[in-house]
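Below you'll find the structure, written out as structure tokens, and then a few comments.
A note on names: the letters A, B, ... follow the listed sequences, proteins ahead of strands, and every chain is numbered from 1. Every value quoted in this text rests on a predicted model; they were computed, and no experiment measured them.
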Amino acid sequence: MVPEFIEKAFENAFISYGLSEIGGKLVFELPKNPEFGDFACTTPLLIAKEMKKKPREIAEEIVKLIDLDESLVDKISVDGPGFINVKLSNLFYCKELDRLFEIGERYGESREGAGKKVNVEYVSANPTGLLHLGHGRNACIGDSIANLYQWLGYDVTREYYFNNAGKQMQNLAKSIYARYRQLLGEENYPFPEDGYAGEYIWEIAKLLEQSYGSSLIPESKENLEICQKFGEQWSFDKIKATLHSLNIHQDVYFNEDSLYKDGKIQEVISILSDKQLVYEKDGALWFALSKLGLAEDRVIVKSSGEPTYRLPDIAYHREKFLRGYDIIIDVLGADHIATVPDVLAGVRALGFDPSKVKVVIHQFVTLTENGAQVKMSKRSGRVYTLDELISEVGADVVRFFFLMRSVSTHLEFELNLAREQSEKNPVFYLQYAYARIASIFRTAKERGIAFNPNNKTEHLNTPHEINLIKILRMFPENIKLSAFKFEPQILAEYLNDVATAFHTFYHECRIIGSNEPLLSERFKLAKVTQRVLGNGLNILGINAPEQM
RNA sequence: GCGCCACUAGCUCAGCUGGAUAGAGCAUCAGCCUUCUAAGCUGAGGGUCACAGGUUCGAGUCCUGUGUGGCGCACCA
């Protein structure tokens, strides 16, 4: 972010001041108040103590030693307790615009992840019904993180852990079966106590009845299995369709089932048992987590012979490691936080590096309408599904709302605001900026106004133009920050700043109607803005409309 | 009882490695469309950054404690 020539000049100055190992202490930051300039060097404040000098004195002496190209720097000054402030010239920013423009359509992309493999696992909802809002948040976060890493040049696999082997599947089968029998006239056929009460179970049961008639009587193991497969398939199809409507397409659907069929569960048990990390007690198999530094041992195979969720989770992570990923990202809801240490301990016990696993925990979503919380209850089956939300407010709004808040905070989804197809809706602010730019180029074309991109930019000088360039040149670092912090919200916030800077520029500076060379220079500025917005929205999975 | 997350304007939230006067949107009020899309722009009001200590030249940001709210702490996933 700090231009190289500035960094170099400061480094030289500090060295000739007698500080040969200044490297790590050469610190720049962006002042909040633009009056202070573009960059502030805080090094004098940091080294004052060990030099036993006042920071201001150091700063003033350093400034005398700094040698900079005067055409690129307007002002260099010592302010406050000892900041060295640098204000770059308009010409510098004009040159920057040319540089950004030359990078081309894919501005923002980098190769720094080249050769590295990343696995992003997200959604991973149990195939026992429809996706709800929490899954929606998970899906949007995961998908955008995958996009971010792709833009950084990583080889990204988008993965869904298909949880089709646990107790919840038997519960699903029983729930469907009960509804099926009730449909066949046995109104009082017992429904499982903790069964899935949602309306959709009736729907599945109806389809089941259409396919099988009354041939699934009695309630046998075989018939329940049919119900399970039927319900699983139904759910999977629905889930996939919902994700597709959000423009989410995953590469790998990893079946939990396969861990059993392929003997992976057993392999993990024998590895752990070779390392003496498992033992039997009360008829169950325990994982000696206490030997790995955790508080308590946990059951991994129940006395009934079925594994608990921990075992397949560990086996699954082992598979991911064996597939050779450099980074393994798990996107999980806050309710899964407790499982993380166990799985990581398992990974470590199996000889893999747990620091390669990045767990992204997002907090819950509450739905509000006019400020009042919309109650959702799993028990009654009254849930607001992701599908309903998408059809009500549209995919772009859904994606943006789920991404515009930091992953670690609770997200309040205000339905009325989301429904608002007006200026109040924050997603339109970004899209509108993009559409406005598209419109400028359309109008120019219609009027036969040409844009000459080859001249060097050197006439932009209003604060609105310069400010926009300043923001545009920070796009790549915002992508990185967003990716490495696993926070798509950082990018969303950044794009909002871009849109604000553009709207102001648009209002203050005319493009069509300007004379050359300003005309082409402003066109260039609009073009780079359009690329940043387009690429940024693309990463967030939101459409960039040519018209609104 | 223990763990994780949060607490910033009336509401919803930003605030990156600690920096110089704490920001945005919504809401309220006042302006701006014969000129590239007013889904826009400009301005005003609105704050003890939950509370109390600590570290530091400097704390919304780091540490400790307290309070409030959310989510967990199964031989459920």
query = Looking for any heavy atom pair under 4.0 Å, which part of the strands does A:T409 touch: base, sugar-phosphate only, or nothing?
reply = sugar-phosphate
Judged by nearest nucleotide, the residue sitting upstream toward the 5' end of RNA chain B, A:A499 or A:R447, is A:R447
*Sugar-phosphate, base or nothing in reach of A:E487, heavy atoms under 4.0 Å*: nothing
Review point. Using a cut-off of 4.0 Å on non-hydrogen atoms, how would the nucleic acid contact of A:E546 be classed: base, sugar-phosphate, or nothing?
Key: base
- Message: Regarding A:Q489, tell me which of base, sugar-phosphate or nothing describes its non-hydrogen contacts under 4.0 Å with the strands shown.
- Response: sugar-phosphate
Among the nucleotides B:rC36, B:rG19, B:rA77, whichever has the atom closest to the side chain of A:N126 is B:rA77
Checklist entry - Does any donor atom in the side chain of A:E508 or A:T462 lie under 3.5 Å from an acceptor atom in the other side chain? => result no
For side-chain contact (heavy atoms from CB on, under 4.5 Å), just list the numbers for A:K87 and A:F36, CA-CA rounded to whole Å, side-chain angles, deciding distance to a tenth of an Å, and then say yes or no. CA-CA 8 Å; A:K87 190 174 185 318; A:F36 289 125; over 6 Å; no
Notebook entry, point to check: With sugar-phosphate meaning primed atoms plus P, OP1 and OP2, does A:L172 contact a base, only sugar-phosphate, or nothing at under 4.0 Å between heavy atoms?
Noted result: nothing
Q) NA contact type, A:S406, heavy-atom cut-off 4.0 Å: base, sugar-phosphate, or nothing? A) sugar-phosphate
> What does A:A444 touch in the nucleic acid at a heavy-atom separation under 4.0 angstrom: a base, only the sugar-phosphate, or nothing?
Replying inline: nothing
Between A:N496 and A:T443, whichever has its closest RNA chain B nucleotide further toward 5' is A:N496
Exercise for the section: Could you check whether A:A433 gets within reach of a base, just the sugar-phosphate, or nothing at all, counting any heavy atom under 4.0 Å? Expected result: nothing
Stem ranges of RNA chain B by first residue number, counting only runs of at least 3 Watson-Crick or G-U pairs under 3.5 Å, come to B:1-7 with B:67-73, B:10-13 with B:23-26, B:28-32 with B:40-44, B:50-54 with B:62-66
Relative to its sugar, using the 90° cut-off around 0, the base of B:rC33 is syn
Subject >> A:R310 (side chain) donor-acceptor with A:R298 (main chain) under 3.5 angstrom >> reply: no
Of B:rG40, B:rC36, B:rG19, the nucleotide closest to the side chain of A:I440 is B:rC36
inquiry  = Tell me whether the ring of A:F36 lies stacked over the B:rA20 base, given a 5.5 Å limit on centroids and a 30° limit on the plane angle.
reply    = yes
| query | A:P545 near the nucleic acid: base, sugar-phosphate alone, or nothing, with a heavy-atom cut-off under 4.0 Å? | reply | nothing
*asked:* Once you apply a heavy-atom cut-off of 4.0 Å, does A:C509 come out as touching a base, just sugar-phosphate, or nothing?
replied: base
Quiz item: Using atom C1' of each nucleotide, how far apart are B:rC36 and B:rU21 to the nearest Å?
Solution: 37 Å
Checking all strands, does A:Q547 fall into the base, sugar-phosphate, or nothing category for heavy-atom contacts under 4.0 angstrom?
base
Check your understanding: Quick one: do the A:N126 and A:T128 side chains pair a donor with an acceptor below 3.5 Å?
Key -> no
Side-chain atoms of A:S408 come closest, of B:rA6, B:rU42, B:rA20, to B:rA6
With the side chain defined as heavy atoms from C-beta on, A:E493 is closest, among B:rA14, B:rU37, B:rG19, to B:rA14
*Scan A:Y506 against the nucleic acid and name what it touches under 4.0 Å (heavy atoms): base, sugar-phosphate only, or nothing.*
base
Checklist entry - Counting any heavy atom closer than 4.0 Å, what does A:E414 reach on the DNA or RNA strands: base, sugar-phosphate only, or nothing? => result nothing
Subject >> Aro-ring/base stack A:F83-B:rG19, d under 5.5 Å, angle under 30° >> reply: no
- Task: Pick the C1' atom in B:rG47 and in B:rA74, then give their distance to the nearest Å.
- Result: 46 Å
What is the nucleic acid contact for A:D79, judged by heavy atoms within less than 4.0 Å: base, sugar-phosphate only, or nothing? base
query: Can you check whether A:V360's main-chain N or O pairs, donor with acceptor, with A:D330's side chain at less than 3.5 Å?
result: no
Requested in this report: In whole angstrom, give me the gap between the P atoms of B:rU66 and B:rC4.
Outcome: 13 Å
Could you measure between the two P atoms, the one in B:rG10 and the one in B:rU28, and give it in whole Å? 16 Å
